[in-house]
K.L.:
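Dumping the structure here so I can ask a few things about it.
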Number of protein chains: 2
Amino acid sequence: MLTQTLNTQAINTQIVGKIAPGHPVTDQFGAITGHVGLVATEFSYRKDEEIYGEDEPAEYVYQVVSGAVSSYKLLSDGRRQIGAFHLPGDVFGLESGPAHRLAAEAIIDTTVRLVKRASLEKAAGTDVQVARKLWAMTASELRHAEDHMLLLGRKTAMERVATFLLEMDRRLAVAGMMALPMCRRDIGDYLGLTLETVSRALSQLHAQGILGFSGARQIVLRNRQRLQHLDA
Amino acid sequence: MLTQTLNTQAINTQIVGKIAPGHPVTDQFGAITGHVGLVATEFSYRKDEEIYGEDEPAEYVYQVVSGAVSSYKLLSDGRRQIGAFHLPGDVFGLESGPAHRLAAEAIIDTTVRLVKRASLEKAAGTDVQVARKLWAMTASELRHAEDHMLLLGRKTAMERVATFLLEMDRRLAVAGMMALPMCRRDIGDYLGLTLETVSRALSQLHAQGILGFSGARQIVLRNRQRLQHLDA
DNA sequence: CGCAATATTGAGCTCGGTCAAGGGGCGTGG
DNA sequence: CCACGCCCCTTGACCGAGCTCAATATTGCG
């Protein structure tokens, strides 16, 4: 289980206070832990390694330092729905109840910072600002889930892929280019499509000059306007 | 706007303390407002009346007293995704941020109880138990949304309808029978299907003896076991 | 009892899934 | 630095679940 893994692989323990580079102002963890003096531990997972399973006790809350994580649910026959991708700076694994409602795994080699859920609960019990922040983070996840229900229930394949590209562009574009950490299958499982359909949609956008490739996962959006139009 | 409507139709204002009949123990509103002495107002909407629009300022938090409400998002061309149905006892319209992320409308004649969001925020600022409860309610909505993403992204039409029937059976069955407040189109918009597909699935379940009708919206589940199996 | 709204059923079509066969890029090892 | 090999990705051909369009059939409400 997680505890064992922690024992064998833990790298670095520190008092939270330094903020992850690149997220100096709006750091979610820092906002909570900074003035409470919680202890955070850094930890690494290899590509495809499970961080926690569905319905597993929610012992820790995580923040991606580097890499990328997916949160997902499985049906008994293996069909998978990814609910969210977590990128550097994102907090994940935060639960109000006792257990994780989705599983989480690293989609590439990933380093996270983590704090005990119990210590956050304790801080929230004495500091109203912390309590407010935990609520806001859960509300933010809910907002994303609500948008994603609309996508999954009502958008066409092309609209889904356009929405995905605009989301990733917003979240991880550097100098107008994005380096996707996830494979076509992961994108399909996020969008409720097959990997082939995702690939066909991307090829079509490429043919129309709306995006450019430099490697299958290195994408430049050349016409956000037209992409937004395709997004419905 | 809402304020106008409130002025013309408000029925009854009271100090919250009495609990809605049928929800004496786990009443969500009561748990928050009971010991804080907040003022709640009762209010009624007719079938198909909008309660609030998407992105409208979130001035009030609501609880269904009687009737039923749907929360939904629209695409520009009219495609609709219902994110949740709210039944008697349910709280809806609770936001951590300033605006409603989904619109809400009464799907049948409905009476709600409502309190000002600002007064809840104020109570949460002084009472940690209230803050905790608000967080828990948002987390509960998130849990539902995560389950629903799996349904919308990965389940077949028959699996979706089976899931829907089991959910409604759990939430509103009385003496083994459920009286659905919503039409086939609403069910379709909730499940990411057309109304025809919903109707066909229900007919098929009827033909297999898994459910019985007494009127299109009066349904008896005759074999929950088999339904659960169809739910994947 | 009558009628307008809602639900059912049918026929044909389409979008995205399935199955299958290459192609290409990246990391590894020589 | 280059070549090899393994994924990952792309593309093609066909299929079918669910959508669309259309014609009844119910039903519940006045």
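Chain naming here is simple, since letters A, B, ... match the order of the sequence lines and numbering starts at 1 in each.
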K.L.:
Tell me whether B/Arg101 is salt-bridged to B/Glu141, with the criterion being a basic N under 4.0 Å from an acidic carboxylate O.
P.N.:
no
K.L.:
What do the steps show when you test B/Val69 against B/Tyr62 for side-chain contact (heavy atoms from CB on, under 4.5 Å), and what is the final call?
P.N.:
CA-CA 10 Å; B/Val69 172; B/Tyr62 305 78; over 6 Å; no
K.L.:
Five pairs at each end of the helix from C/dC1-D/dG30 to C/dG30-D/dC1: take the axis at both ends and give me the angle between them to 10°.
P.N.:
50°
K.L.:
Provide, to the nearest angstrom, the distance between the CD atom belonging to B/Gln204 and the P atom belonging to C/dG10.
P.N.:
13 Å
K.L.:
Which pair of non-hydrogen atoms, one from A/Leu172 and one from A/Pro181, has the smallest distance, and what is that distance?
P.N.:
CD2-CD, 3.8 Å
K.L.:
For the pair made of CG in B/Leu195 and P in C/dG10, what is the distance, rounded to whole Å?
P.N.:
16 Å
K.L.:
Using heavy atoms and a sub-4.0 Å distance, could you list which residues of residues 68-78 of chain A are near DNA chain D? By number, please.
P.N.:
none
K.L.:
Provide, to the nearest angstrom, the distance between the NZ atom belonging to A/Lys47 and the P atom belonging to C/dC26.
P.N.:
14 Å
K.L.:
Please report the distance, rounded to the nearest Å, between CG in A/Leu180 and C1' in D/dC8.
P.N.:
14 Å
K.L.:
List the steps, then state whether side-chain contact (heavy atoms from CB on, under 4.5 Å) holds for B/Glu49 with B/Thr110.
P.N.:
CA-CA 9 Å; B/Glu49 194 175 348; B/Thr110 296; over 6 Å; no
K.L.:
Hey, are B/Arg224 and B/Asp231 close enough for a salt bridge, meaning a charged N less than 4.0 Å from a carboxylate O?
P.N.:
no
K.L.:
Are more than 12 heavy atoms, taken from residues, nucleotides or ligands other than B/Arg143, located less than 6.0 Å from that residue's CZ atom?
P.N.:
yes
K.L.:
Does the distance from a Lys or Arg side-chain N to an Asp or Glu carboxylate O, for A/Glu95 and A/Arg117, drop under 4.0 Å?
P.N.:
no
K.L.:
Treat primed atoms plus P, OP1 and OP2 as sugar-phosphate and everything else as base, then score nucleotides 14-30 of chain D 5' to 3': B for base contact with protein heavy atoms under 4.0 Å, S for sugar-phosphate contact only, - for none.
P.N.:
----SSBB------S--
K.L.:
Determine the minimum heavy-atom distance between A/Lys47 and A/Asp109, stating which atoms define it.
P.N.:
N-OD1, 2.8 Å
K.L.:
If you compare all heavy atoms of A/Val65 against all heavy atoms of A/Pro88, which two are closest, and at what distance to 0.1 Å?
P.N.:
O-CB, 3.6 Å
K.L.:
Figure out the CG/P separation between A/Leu202 and D/dC8, and round it to whole Å.
P.N.:
17 Å
K.L.:
Over 60° means perpendicular and under 30° means parallel, so classify the ring planes of A/His148 and A/Tyr190, tilted if in between.
P.N.:
parallel
K.L.:
With no hydrogens and no angle check, is any side-chain donor or acceptor of A/Arg154 less than 3.5 Å from a backbone partner on B/Arg79?
P.N.:
no
K.L.:
Can you check whether B/Ser203 has a side-chain N or O nearer than 4.0 Å to OP1 or OP2 of C/dT9?
P.N.:
yes
K.L.:
A/Gln218 CD to C/dG24 P: how many Å, rounded?
P.N.:
19 Å
K.L.:
Rounding to a whole Å, what distance do you find between A/Arg185:CZ and C/dT18:P?
P.N.:
10 Å
K.L.:
Quickly work out the A/Ile107 CD1 to D/dC7 C1' distance and round it to whole Å.
P.N.:
16 Å
